[in-house]
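The block underneath contains the structure these notes are about, expressed in structure tokens.
The first residue in the sequence is number 1, and the count goes up from there. Keep in mind that the numbers below use all heavy atoms, side chains included, and drop hydrogens, waters and symmetry copies. From a predicted model like this one, the values you see are computed outputs, not experimental measurements.
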Amino acid sequence: MRSALWLLALFGIAVAVALVAGNNQAVVTLFWPPHRVDISFNLLVLLLAGLFTLLYLALRAAVAVFSLPAEARRWRAQQKERAMYAAFMDALSHLMAGRFIRAAKLAQNAITQEKSLSLLARASGHVGGYSPARATQLRLLAHLLAAESAQALQNKAEREEQLQQALEVSSHKIAQETREGVQLRAARWALDDRDPVGALELLNQLPQGASRRTLALRTKLRATRQAGQISQALETARLLAKHRAFSPAAAQSIVRGLALELLGGAHDPAQLQTAWQSLDASERAMPELVIHAAARLMALHGDADLARSWLLQVWEPVMRPHSEVSDSQRIKLIRVLEQGLDSIDAAWLARIETAQQLRPRDANVQYLAGMACLKRQLWGKAQQLLSQAVLALQDGTLHRNAWRALALLAEQRGDAVAAAQAYKRAAEV
């Protein structure tokens, strides 16, 4: 379409010229004493057009001649820039391929080319599309590549030198994002060196927005766990779960594991209660955490009533017939309750009896009910329940305790033979 329009325009110009110049009888007379020159108007127009074209070409040629030095400088700058980017890309390729020595050399080559290009730009005032900000960013990335190669080669001195140079050249506003990346990478190097304190210091230097990014939070989680700051690690894990950095199952597993560490690190009942209150409501509803907290409280000789109040919120989910709680957790709960059977009240006895009725084939629940009856001196019922449970108990501790209880019951009724046999079976377990 455009070609057709140009063709029509040319035809229009040709027609206009033919109409104007075809019958033009005008004459132009030039007086140059003592001469007189008569020429047609059309010839004068052609001569003026030719003169204009000649002057235009002459000016273009002069500009081209005088711009040769600048063009030469621009060509040299382009060659240096191409060499700089080529060295940088080759360094990145070698780093990904595991050729760390070559990557380090090429990164240094890119830095050298960038410095040379910067000097050339300052000397000439302007070189093509050279941008100081982008050059600074590339130099920073080249230092980062060199530091990464040094880290892979376990050359910590070279790594720290390259890291400091990268941080020094990252003062430009455009390079701020790259500086944050360098700090995050340095924090991960510190973790590789088992220096969680240094990693946390680097993370604390990040801006507030950058410190809440998923990568920064993952690094902080590793650092706080290595440093033994379980409370901070748990808070970080909650943020990661909120940002959906993990799958729901993985996030719950990580949070549960950290909460277990937090509770396990308590050294007295007061510290344990403080750690328990620091947990979220959803975490305090997890059966594993509740049972572990109660077991830890009993191990620290804390208040048995408080432990049972914690266990109350998970008692029904754990003891219902088709509970998803594992047998190991149920056994742990039974051990916790067994430690406080001396002070158990009638309400808890009713709960234990109800659970035994709901799970009549569960030897662990039968064992708990039998031991509760034993503490209440209900000898006959205790004998019945423990005799049934001892045949199916899988846990060694519960099995041994059941035989001991049966031996005590045998002694209570004066059956020395049965008591001796029960003690023998307890010793064999």
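Of the possible polar contacts, none joining the Gln388 side chain to the Ala363 backbone as a donor-acceptor pair under 3.5 Å is found. Looking only at distances, a side-chain donor or acceptor of Arg284 sits under 3.5 Å from a matching main-chain atom of Leu279. Looking only at distances, a side-chain donor or acceptor of Ser211 sits under 3.5 Å from a matching main-chain atom of Gln208. Between the side chain of His267 and the backbone N or O of Gly265 there is at least one donor-acceptor pair closer than 3.5 Å. Checking side-chain atoms of Ser253 against main-chain N and O of Ala250 turns up no donor-acceptor pair under 3.5 Å. Of the possible polar contacts, none joining the Gln113 side chain to the Ala86 backbone as a donor-acceptor pair under 3.5 Å is found. Side chain of Arg296 to main chain of Ala266: a donor-acceptor pair is present (N/O by atom type, distance under 3.5 Å, no hydrogens or angles). Formation of a donor-acceptor pair under 3.5 Å by the Asn204 side chain with backbone atoms of Leu200 is found in this model. Judged by distance alone, the side chain of Ser309 and the main-chain N or O of Leu306 form a donor-acceptor pair under 3.5 Å. Side-chain atoms of His94 do not come within 3.5 Å of backbone N or O of Phe100 as any donor-acceptor pair.
Side-chain contact between Leu297 and Pro269 is present, with heavy atoms from C-beta onward closer than 4.5 Å. Looking at Thr224 and Ile230, their side chains never come closer than 4.5 Å, going by heavy atoms from C-beta outward. Ile111 places none of its side-chain heavy atoms less than 4.5 Å from the side chain of Phe88. With a 4.5 Å cut-off on side-chain heavy atoms, Ile352 and Ile344 count as touching. Contact annotation: the side chain of Gln226 approaches that of Arg222 to within less than 4.5 Å [non-hydrogen atoms, C-beta and beyond]. Under the 4.5 Å side-chain criterion, counting only non-hydrogen atoms from C-beta, Leu55 is in contact with Leu51.
In this structure, Glu316 places its CD atom where only 12 or fewer heavy-atom neighbours from other residues, nucleotides or ligands lie under 6.0 Å away. For Gln394, the CD atom counts as loosely surrounded, since its 6.0 Å shell holds 12 or fewer non-hydrogen atoms of other residues, nucleotides or ligands. The number of heavy-atom neighbours closer than 6.0 Å to CH2 of Trp379, taken from other residues, nucleotides and ligands shown, is above 12. The neighbour count for Gln421 CD, taken as heavy atoms of other residues, nucleotides or ligands under 6.0 Å away, does not exceed 12.
In this structure, CH2 on Trp310 lies 5.5 Å from CD on Gln273, to the nearest 0.5 angstrom. Here the CG atom belonging to Leu272 is positioned 9.0 Å from the CG atom belonging to Leu262, to the nearest 0.5 angstrom. Interatomic distance, CG of Leu368 versus CG of Leu341, reported as 6.0 Å (0.5 Å rounding). Put simply, CG on Asn364 and CZ on Arg330 are 7.5 Å apart, with the number rounded to the nearest 0.5 Å.
Partners of Arg212 by side chain to side chain contact (heavy atoms under 4.5 Å, CB included), not counting sequence neighbours, listed by chain and number: Leu239. By the salt bridge (charged side-chain N to carboxylate O under 4.0 Å, His left out) test, Lys80 is found to be paired with no residue, residues two or more places apart in sequence or in another chain being considered. Trp189 is linked by a ring-ring contact (aromatic ring centres under 6.0 Å, His included) to nothing, counting only residues two or more places apart in sequence or in another chain.
Checking Ser387 against Gln383 by side-chain atom types alone, a donor-acceptor pair falls below 3.5 Å. Defined by atom type and a distance below 3.5 Å, a donor-acceptor pair is missing between the side-chain atoms of Gln205 and Glu201.
Judged as a salt bridge (Lys or Arg N to Asp or Glu O under 4.0 Å), the pairs with a partner in residues 236-253 (not counting sequence neighbours) are, in order, Glu235-Arg238, Arg238-Asp280, Arg238-Glu283. Residue pairs satisfying the salt bridge (Lys or Arg N to Asp or Glu O under 4.0 Å) criterion with at least one member in residues 343-364, sequence neighbours excluded, are listed as follows: Glu353-Lys381, Arg359-Asp362. The salt bridge (Lys or Arg N to Asp or Glu O under 4.0 Å) contacts involving residues 250-269 comprise Arg225-Glu261, where partners must be two or more places apart or lie in separate chains.
With Val182 as the partner, the side-chain contact (heavy atoms from CB on, under 4.5 Å) test is satisfied by one option alone out of Leu141, Leu163, Leu202: Leu163.
Here the closest non-hydrogen pair linking Leu398 and Ile331 is CD1-CG2, 3.8 Å.
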